[in-house]
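No experiment lies behind these values; they were computed from the predicted model shown. Residue numbers start from 1 in every chain, and the chains themselves are labelled A, B, ... in the order their sequence lines are given, proteins ahead of strands.
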Protein chains: 2
Amino acid sequence: MKALSIKDIAQKANVSITTVSFIINGKAKEKSISEAVIEKVEKIIEESGYKPNQIARSLRTGNTNIIGLIVEDISNSFFSKIARLIEDKAYKRGYKIIYSSTENNIAKAQELINMFKSRKVDAYIISPVKGLETDIQDLINDEKPVILFDRNLPDVVANYVGANHFSASYQSIENFVQNGRKNIALVTTNVDVLQITERYEGYKKALLDYGLPYNEDFVLKIHFNQDEAETISQIKQLLSAKKVDAVLFATNYLAISGLKALKQINKQIGDDFSVIAYDDHEAFELHTPGISTVQQPLEEIAETVIKLILNQLASKTKLPIQEVIIPAKLIIRN
Amino acid sequence: MKALSIKDIAQKANVSITTVSFIINGKAKEKSISEAVIEKVEKIIEESGYKPNQIARSLRTGNTNIIGLIVEDISNSFFSKIARLIEDKAYKRGYKIIYSSTENNIAKAQELINMFKSRKVDAYIISPVKGLETDIQDLINDEKPVILFDRNLPDVVANYVGANHFSASYQSIENFVQNGRKNIALVTTNVDVLQITERYEGYKKALLDYGLPYNEDFVLKIHFNQDEAETISQIKQLLSAKKVDAVLFATNYLAISGLKALKQINKQIGDDFSVIAYDDHEAFELHTPGISTVQQPLEEIAETVIKLILNQLASKTKLPIQEVIIPAKLIIRN
DNA sequence: CTGAAAGCGCTTACAG
DNA sequence: CTGAAAGCGCTTACAG
């Protein structure tokens, strides 16, 4: 069964396809199509269930009404929640989302951008990987709306929306210090992105400001993509060999691994040992005791991302580049 | 900066666009284009960074290489994990995924299917809502590849992949009984989909088989979409007013709410009270004590879904409808 | 008030 | 071995 085309509708209504097109696109009044014709055509469209072919429309107009979303991993709850919020807001404005996960792999990310390009997506929302600078710059030079989020690329001038990672991590350490902790460890990843670096810098600076020594042995950089079992074992080692009395986990999945490690070695969170996790996770609230976390304001991030995108999409002229830094919130749970 | 078209490449190479098209599509040999021309054209394509416009290609061929994924909520970890696995496998075969969340809303789901239709997606992967029967039947009549997953629609004959919800729930109750539980409650949703009904039936049948009375007061049907606070308060009521000694939660998010409720009323899981949750969640493993769960084999489900889709996409003829029921696994954690 | 025609960028049957 | 031309289903400038 072949789908109906505008031609079929025009034939049934005994008008030209031009007229049908005007009516479909709400230009009937503007083009002064008579009320009678409008009604007739609309009735036929309604009855036949005709839906314009978006592919043809896209080829003609150059717009697809599709936004490309490129994240590290859609199954990570931070990204899937953002994806959901963005989807919601985009759909209300007639945009659909096509997504992809980079797995932190430059080659894959580049390939994805190329695919999205050849599919002519109208705009890009990207949680970038280092190494993507030129590709992103090309998009921007092409006048494509691009919003980076979560992590920024220092060497590219692009719109960016993200939490204040430095101060979030600084505050966490501050909290540890106020609770009398002195041997504070950081468990982070070896991924070389600004947002991770900033969390590290916040940690370092806070130690310095509070007169605590910085000890390299207290910083564990977990290899991205390594087995969770390996991660757990490294964390166990950090915690048992050293006199660590507090740990900041730089991502939620690291904290999850960390909690598993604690459970295995039977180390209790309490009077002489504290933990703070970056990014929330249901497990943290449920954990006994509750795990304090640094929360990125998801709703606000998604809202800002989509607002910037839609603004750019709506504007004929190039808008100034914006960096929106949103404070993260430290939630104390014990 | 206008993107290059096949015409530009043809001009640069001094050949027709037909020739360029054959080369791009790997039909050069078949069409016996000379080696010299192939090399020349490929070099120009390479140097210029030309990428064929997929929109034009889609309009011409009728294929988009896009698969539409319709789920209840992409931010639910069950769906986001499936989304990730499907994405992976689809990309390897040249397909992209466009997703959408129905929020269990029939009207929204219908709208989504229509959008996907007019966007000419090549295939549909749908976790359906009741009420979508005709829409899905229409797709099937249109010879579009359609795979339902997670939940089936009894009144539509479509490919389906899902876990054996009945037996999963039956086994859970069996486990409770073997541990001496006698007053077993079920916390489920009021969503009227087969997969939820089956979990309920499994619960009922197991009680019957083990000679335990079925008590309506022990079945709590939570309204989908209601506030979590409300859910928690209802669960608290169930647990405090009744002499319930075991609870099966029919979805992971209900179990999360349930655990919060337990924490609030300080009810311990242990010798005289058991819990099993449907669908895994990191929180369950970390919880003290660990929460037993019924796990759907995500990898296997995704694998089967994508295999069925690709088979259909590859096949010229209509393939027989298949229902693949995959056993769920009961993981005992305490 | 309405329509014929060009063109978006491809693919492919047909011709030579 | 290669190319001219039709056509996928739309939109829109132009003409009347």
Checking contacts here: which listed nucleotide ([options]) is nearest the side-chain heavy atoms of [X]?
X	options	value
A:Thr18	C:dG7, C:dA4, D:dT2	C:dA4
B:Val37	C:dT11, D:dT2, C:dT2	D:dT2
B:Tyr50	C:dC10, C:dC1, C:dA5	C:dC10
A:Ser21	D:dT11, C:dC10, C:dC8	D:dT11
B:Ser16	D:dA4, C:dT11, D:dC10	D:dA4
A:Val15	C:dG9, C:dG3, C:dC10	C:dG3

Report yes if a side-chain nitrogen or oxygen of [X] is closer than 4.0 Å to either non-bridging phosphate oxygen (OP1 or OP2) of [N]; otherwise report no.
X	N	value
B:Lys27	C:dT12	yes
A:Thr61	D:dT11	no
B:Arg60	C:dT12	no
A:Asn53	D:dC8	no
A:Ser34	C:dT2	yes

**Request:** Tell me, with the steps shown, if A:Asp135 and A:Gln110 meet side-chain hydrogen bond (donor to acceptor under 3.5 Å, both in side chains).
**Result:** CA-CA 7 Å; A:Asp135 304 83; A:Gln110 287 174 324; 3.1 Å; yes
**Prompt:** Across all strands shown, which nucleotide pairs with D:dA13 by Watson-Crick or G-U wobble geometry, both distances under 3.5 Å?
**Reply:**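 D:dA13 is paired with nothing.
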**Atom-pair distance (CD1 on A:Ile55; C1' on C:dT11), nearest Å** =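 Computing the A:Ile55:CD1 to C:dT11:C1' distance gives 15 Å.
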**Asked** Could you give the CZ-to-P distance, from B:Phe22 to C:dG9, as a whole number of Å?
**Response**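 To the nearest whole Å, that distance equals 20 Å.
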**Prompt:** Got a second to check how far B:Lys144's NZ is from B:Asp138's CG, nearest 0.5 Å?
**Reply:**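 If I round to the nearest 0.5 Å, the distance is 12.5 Å.
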**Item:** Audit row: A:Glu47, A:Lys43, side-chain contact (heavy atoms from CB on, under 4.5 Å) steps and yes/no
**Value:** CA-CA 6 Å; A:Glu47 282 170 358; A:Lys43 187 147 165 275; 3.4 Å; yes
**Message:** Walk me through whether A:Asn104 and A:Thr102 qualify under side-chain hydrogen bond (donor to acceptor under 3.5 Å, both in side chains).
**Reply:** CA-CA 5 Å; A:Asn104 259 329; A:Thr102 62; 4.9 Å; no
